[in-house]
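Step one of this worksheet: look at the structure below.
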Amino acid sequence: MASKLHQLRSKAVQASEFVAKHGCAYYKELLEKNKQHIVQPPTVEKCQELSKQLFYTRLASIPGRYESFWKELDGVKHIWTNREDLKIEDAGIAALFGLELYAWFCVGEIVGRGFTFTGYYV
């Protein structure tokens, strides 16, 4: 047990030394690669302006999303009314999709509880 703890500690030391040595270079390389996305000057005021632009752009996209939602709902209604014509493959794909949604919901619940399976820390 002590040897495993020692190995883990030495690996952690190696990782921190690597980050200390190469982290700055990686940061500079990342910024250089993505400089076309950086708004100049990078100030707090500019960040606030961009967040307002994002908010109002999202707000302006609501009518299009609303229309898309009703189109999707009409498609689901059409499939439901013609469910006799539904192929078993399509029903299987829909069932797998529902199962995947439920699985992601469960993962979100576990993450929200702080990575516990039994409940919240009290």
Side-chain angles (χ1 to χ4, degrees):
M1 178 73 177
S3 67
K4 289 193 180 215
L5 184 61
H6 180 68
Q7 287 176 348
L8 183 64
R9 188 173 291 149
S10 69
K11 292 226 185 252
V13 168
Q14 287 174 353
S16 69
E17 287 173 353
F18 180 81
V19 169
K21 191 177 206 180
H22 302 290
C24 187
Y26 174 74
Y27 174 75
K28 287 179 182 177
E29 178 185 336
L30 185 68
L31 285 181
E32 185 62 33
K33 230 188 278 185
N34 295 298
K35 66 182 173 185
Q36 73 271 15
H37 301 293
I38 299 173
V39 176
Q40 295 295 334
T43 60
V44 173
E45 292 81 18
K46 197 64 173 175
C47 290
Q48 289 172 342
E49 179 185 341
L50 289 171
S51 72
K52 278 186 180 180
Q53 287 177 351
L54 176 64
F55 175 75
Y56 287 109
T57 302
R58 294 265 184 179
L59 200 60
S61 72
I62 288 177
R65 292 186 200 178
Y66 184 77
E67 184 180 317
S68 296
F69 169 76
W70 288 111
K71 283 182 183 178
E72 289 290 328
L73 189 62
D74 288 340
V76 170
K77 285 180 186 177
H78 176 71
I79 290 172
W80 184 254
T81 56
N82 298 326
R83 63 184 174 269
E84 297 85 24
D85 302 335
L86 190 64
K87 297 177 188 172
I88 201 76
E89 294 90 13
D90 295 335
I93 290 172
L96 284 174
F97 180 71
L99 186 65
E100 183 182 0
L101 285 177
Y102 179 71
W104 281 113
F105 169 78
C106 291
V107 168
E109 285 290 309
I110 292 168
V111 169
R113 283 188 292 233
F115 296 98
T116 63
F117 292 101
T118 56
Y120 296 95
Y121 294 117
V122 178

Show me, pair by pair, the donor-acceptor contacts under 3.5 angstrom made by side chains of residues 68-78, not counting sequence neighbours?
| unit_1 | atom_1 | unit_2 | atom_2 | d |
| --- | --- | --- | --- | --- |
| S68 | OG | G64 | O | 3.0 |
| W70 | NE1 | Y66 | OH | 3.2 |
| H78 | ND1 | N82 | ND2 | 3.4 |
| H78 | NE2 | N82 | ND2 | 3.3 |

**Q.** Sequence-distant partners of K87, side chain to side chain contact (heavy atoms under 4.5 Å, CB included), two or more places apart
**A.** E89, D90

(Q) Could you check whether any side-chain heavy atom of K4 comes within less than 4.5 Å of a side-chain heavy atom of L8, counting everything from C-beta outward? (A) no

Q: Would you please name every residue forming a side chain to side chain donor-acceptor pair (under 3.5 Å) with K52, sequence neighbours left out?
A: none

Q: Not counting sequence neighbours, which residues clear side chain to side chain contact (heavy atoms under 4.5 Å, CB included) with I110? List them please.
A: R113, F117

Q. With a 4.5 Å heavy-atom cut-off, do Q53 and L50 have their side chains touching?
A. yes

Q | Residues which pass salt bridge (Lys or Arg N to Asp or Glu O under 4.0 Å) with E32, listed by chain and number, not counting sequence neighbours | A | K35

Q. Can you list the other members of the hydrophobic cluster that holds F55, where links are side-chain heavy atoms under 4.5 angstrom apart?
A. Y56, L59, I62

Q) Using links of under 4.5 Å between side-chain heavy atoms of ILVMFWY residues, direct or through other members, which residues join Y102 in one cluster? A) F105

**Q.** Contact list for residues 96-109, test salt bridge (charged side-chain N to carboxylate O under 4.0 Å, His left out), sequence neighbours left out
**A.** none

Under 3.5 Å, sequence neighbours excluded: what are the donor-acceptor pairs made by side chains of residues 14-27?
| unit_1 | atom_1 | unit_2 | atom_2 | d |
| --- | --- | --- | --- | --- |
| S16 | OG | A12 | O | 3.4 |
| S16 | OG | V13 | O | 2.9 |

Q. With clusters built from Ile, Leu, Val, Met, Phe, Trp and Tyr whose side-chain heavy atoms come within less than 4.5 Å, directly or transitively, what are the remaining members of the cluster of L101, listed by chain and number?
A. F97

Q | Greater than 12 external heavy atoms within 6.0 Å of R65's CZ | A | yes

Q | Other residues, nucleotides, ligands: >12 heavy atoms within 6.0 Å of R83 CZ | A | yes

(Q) Can you pull out every salt bridge (charged side-chain N to carboxylate O under 4.0 Å, His left out) where at least one residue sits in residues 42-51? Sequence neighbours excluded, please. (A) K46-E49

Q.
Connecting only ILVMFWY residues whose side-chain heavy atoms lie within less than 4.5 Å of each other, what is the rest of I79's hydrophobic cluster?
A. L86

